[in-house]
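Just below is one structure, and these are the notes that go with it.
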There are 2 protein chains.
Amino acid sequence: MKPTAKQVAHAAGVSLAAVSRAFTPGAPLDAAKRKRILAAAESLGYISPARRTANAIAAGTITLVAGDLLNPFYPTVLDTLARQLQASDRQLLVYTMAANADVDAIIPQILAARPSAIIVTSTFLTSNMARACRQHQIKVVLLNRIQRDARINAVACDNYQGGRDIGRRLLERGYRKIGFIGGVANTSTHAERARGFQDILAEAGRSIHVRAAGDFNYHDAYAAGMAVLSGGDPPDALFCCNDIMALAVMDAARERGLRIPDDLAVAGFDDIPMAGWNAYRLTTIRQPVERMVQEALNLIDDPTIKPSDDGVTRTLPGTLMARKSA
Amino acid sequence: MKPTAKQVAHAAGVSLAAVSRAFTPGAPLDAAKRKRILAAAESLGYISPARRTANAIAAGTITLVAGDLLNPFYPTVLDTLARQLQASDRQLLVYTMAANADVDAIIPQILAARPSAIIVTSTFLTSNMARACRQHQIKVVLLNRIQRDARINAVACDNYQGGRDIGRRLLERGYRKIGFIGGVANTSTHAERARGFQDILAEAGRSIHVRAAGDFNYHDAYAAGMAVLSGGDPPDALFCCNDIMALAVMDAARERGLRIPDDLAVAGFDDIPMAGWNAYRLTTIRQPVERMVQEALNLIDDPTIKPSDDGVTRTLPGTLMARKSA
DNA sequence: ATAAGAACTGAAAAATTTTCACACACGGTC
DNA sequence: GACCGTGTGTGAAAATTTTTCAGTTCTTAT
């Protein structure tokens, strides 16, 4: 039998009216009493009509927590997601988060909207947030991120294989002093790409000639590129962990008068639109954005996957885009 | 006195239960009868409790209809808007639209969410949509667009003055054969920038040496640049109606072996992040995105501006970013 | 100290949603 | 063609929730 407000009122030891008020924002009610009523309602499984309609509305809503929109890869993801959701008549709520922002601060805001699912492309998902979402029965899918420990669904490009593909390309083209410009160290995108890259070099009896960190952004990567190219014994090829950094490194190399790819080969990862521009013609790995988004929605729509389950991880293959830069 | 369901039932000649069902999606009710009830409710001004909570939720929601997210200017806007809304505890719904998509097709989708306001950065707002929003008492603000005829609020950079500033800069630097690469002809951004540019040239007794259209995107602008530079009597300076096109033109110029700014000066408009990169160092007009977004929200929050009013237009000054390219 | 008023409350009234029993149309079966 | 299920649509009545009302308590300004 469906629990009623009357039962909640009895359980909380208040009047029926108070229960109704507890669910009406702005209604005059002692805060402590409201809390008691809400707790009683929760334990009985009571859902007020207002909450029910709110849930119905939110059911057609998916929240995207986007990280760095300045990296053109993410607008592409956003665009693709928006289109696919429009096609299935759902709505897209967007939150953005500065790289160093306090994620936990916006959790209540996000949860207040009670979306049916959350897609996260920002760098970090705290375990706090993961727990909160599980509790509220909201599905979470990480996109372009993997966090195996956190028992969370994830969709990503095969970053390991991509790292290998780039490495093989550089080896095949005869480069000898192959360096690596990393992103943010404790991200799966950085770690997996680096691992694949390192593995294939090792298999060929090589090791990474020089390393530096570019923090996934243009500015830091430019500085890193400059530093690496100015050192003694500079590399003749650099694999940058994403495209933005690769473009920065190319700019730095040209600034130093190096010809690409003759003096220095540069490869990236993502295949953002600019990678194909004539100023760069960057060799990179194309992430299958369309399919990644599709797969994220599949995970969300799959009723056999419950928010409380351990995470499912889907990995999709990238494509080597062999252009002029490497 | 607040109208009740009973009155609606009487007016529509149906039972009270039917009125309730009319407002419950999925409830079994003859479509024609539901329509009759809804019409009666509308004319009496009756709002069902479900609709009322839905409205309350939507009141904290603002919808962004974004156009071309591939132009990095718009992610910047989106990012700024998202941040400002998060700060004021509101939510951001995002729709994207291909440049040539049928705007009217998503109107019902957007309206179904009944947001408190809509911000539009996409190229076109049809009069259909304007009318629908006025009818539903939803405020609309165009951002980076002006459409004076449509009686719609708008916030934009001072495109006319920006066009003048660029023109003056090119004249001051002594360029003689000054050309213009336009965007999409019937947009206010194109028209105003072109007009300012043309006016200042005219004041100096000059006219535009050569014109071409780049459609606001990289690909077409690259082709336009190539065409213009390959013609007889090529220009020694080009003002491109936005930054993406300017970057394309620079790439095209380099492809033809031209040095920038010696053989060809290039100027843009927007100041997207890439304009400052070392590969380009583009002279351009910085749009005051932060203030534009702020102003758009001011228009939305200003209770003296009603959705039914004629539009208010706010213009904010841009800043000339003098870099190496011109 | 005291009046004014704001916040909180339960009982009861009002309003709305849901249940229930029934009517009716439709498609297949004998 | 008569005879079932089956599913949809319906109003009356029951169940449920929201709102009003009147009274209480607690603060705040004078």
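Computed from a prediction, not measured in an experiment: that's the story for all the values here. Within every chain, numbering begins at 1; the chains are lettered A, B, ... in the order of the sequence lines, protein sequences first and strands thereafter.
The main-chain N or O of B/Ile300 is found under 3.5 Å from a side-chain atom of B/Lys139 such that the two form a donor-acceptor pair. Not a single donor-acceptor pair under 3.5 Å links the side chain of A/Ser20 to the backbone N or O of A/Leu16.
OP1 or OP2 of C/dT16 has at least one side-chain nitrogen or oxygen of B/Tyr46 nearer than 4.0 Å.
Residue-level contact check: A/Ala17 touches the bases, meaning some heavy atom is under 4.0 Å from a base atom.
Taking atom CZ of residue A/Arg52 and atom P of nucleotide D/dT17, one finds them 8 Å apart after rounding to whole Å. One interatomic measurement links the two molecules: CG of B/Asp30 to C1' of C/dA23, which rounds to 15 Å at whole-angstrom precision. To the nearest angstrom, P of D/dA12 lies 13 Å from NE2 of B/His10. At whole-Å resolution of the value, CG in A/Leu16 and P in C/dA13 are 14 Å apart. A straight line from CD1 of A/Ile37 to P of D/dT17 spans 13 Å, rounded to a whole angstrom. Whole-Å rounding puts the B/Ile47 CD1 to C/dT16 C1' distance at 15 Å. The distance from atom CG of A/Leu29 to atom C1' of C/dA6 is 15 Å, rounded to the nearest whole Å. Residue B/Arg51 contributes atom CZ, which lies 12 Å from atom P of C/dT17 at whole-angstrom precision.
When distances run from any side-chain atom of A/Ala5 to the nucleotides C/dT17, C/dT9, D/dT17, the shortest one goes to D/dT17. Checking C/dT9, C/dT16, D/dG11 against every side-chain atom of A/Lys33, the shortest atom distance belongs to C/dT9. With distances taken from any side-chain atom of A/Thr4 to the nucleotides D/dT17, C/dT9, D/dG11, the minimum falls on D/dT17. The B/Ser15 side chain lies nearest to D/dG11 when the options are C/dT16, D/dG9, D/dG11.
In this model, a side-chain donor or acceptor of B/Arg21 finds a partner on the base of D/dG11 within 3.5 Å.
For B/Ile57 against B/Thr61, the heavy-atom pair with the smallest separation is O-OG1, 3.6 Å. Across all their heavy atoms, A/Asp270 and A/Asn71 have their closest contact at OD2-ND2, 4.1 Å.
Note: A/Phe23 and A/Tyr46 meet the aromatic proximity criterion, with ring centroids under 6.0 Å apart.
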